Amino acid sequence: MEIHLKALTFAPMYRNLVIKVGTNVLTRPDGRLDVTNISHLVDQIAALKAAGISLVLVSSGAVGAGREIFTVDEQTEEVASRQVLSAIGQVRLMELYRQLFAGHNLLCAQVLATKGDFRDDLHADNMLNCFRALLHDQIVPVVNENDVVAVTELMFTDNDELAGLAARMLQVDALVILSSVDGLFDGPPDAPGSQLIPLVNAADESVLDFIQDEKTSFGRGGMATKIRIASRTAQNGIPVMLGNGRTPHVLLSLLEGKWPGTVVTSGNERS
Ligand code: GLU
């Protein structure tokens, strides 16, 4: 079932978006980068840009990309292991994005953030000015947490939180969160009778009862964080689309005013 965005109160044609793509959309079950799917997503992003939509991509996958090319010694403690893998993997990930965007005559740029960049006005202004300058020049910002230095209090819960903060900072028309599930279901997503919930009211806390708290294999977040971030973002006037980043042409459905996943809205969106 697809939700027709025109039926909702907010404008179906988007001028600007933040799109967050999770690790499980970017990597295969064995942890290696899924170059085919990443390429398909970049094709869709290029199509959205060609349609005049300004967008910021929040991409996980650095640790996964690092794991693909390097094996950390088993004795290495967890934080150091994440630092090493992300430091190696971010380069690999950005090189892939650079090549794929170049195939559409687009430039992309790496933006690495920690929680400190959103904490006070001075840091937030620096981040906002950076986004504005890149978007003004038609460059696609590819944002990730700066996992190399983001430790303890500087760490986001996960990239869903980072994407929510970026969406609110940029006051975009919508935040799109792509994972390896179609959206929020009223039961376990794989169970035969489970139904996708196409529309969630951000103020309706009863939806939390539906959340299966298992997390998909490699990413840090899960559906509970997604719904929490989505509700907070929607209550700030920005609708959130949760969808499956492996569904062919999932992003292009936005151009048709449809969404095949779950839309979280507060009904107070700007038009
Ligand atoms: N920043 C992490 C990475 O690039 C992913 C964090 C998350 O799963 O949200 O691997």
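Please read all numbers here as calculations on a predicted model, not as lab measurements. Note that ligands are numbered from 1 as they come in the structure, with each ligand's atoms numbered from 1 the same way.
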Salt bridge or not between R98 and E95? Use side-chain N to carboxylate O under 4.0 Å.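 Yes, this pair counts.
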
Contact atoms of ligand 1, heavy-atom distance to S60 under 4.0 Å: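 Per the distance check, 4 (O), 5 (C), 7 (C), 9 (O).
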
For D158, the ligand 1 atoms whose distance to one of its heavy atoms is below 4.0 Å: 9 (O)

For Q90 against A62, the heavy-atom pair lying closest together: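 Taking every non-hydrogen atom into account, OE1-CB, 3.4 Å.
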
Sub-4.0 Å heavy-atom contact, G61 with ligand 1: yes

Contact check: [X] vs ligand 1, nitrogen or oxygen atoms, below 3.5 angstrom:
X: E145; value: no
X: D147; value: yes
X: N144; value: yes

Go through the steps to decide whether N144 and N159 satisfy the test side-chain hydrogen bond (donor to acceptor under 3.5 Å, both in side chains), and finish with yes or no. CA-CA 7 Å; N144 195 359; N159 270 355; 2.9 Å; yes

Working to the nearest 0.5 Å, report the span between CG of L165 and CG of D160. 11.0 Å

Linking I/L/V/M/F/W/Y whenever any side-chain heavy atoms sit under 4.5 Å apart, do L57 and V63 land together? no

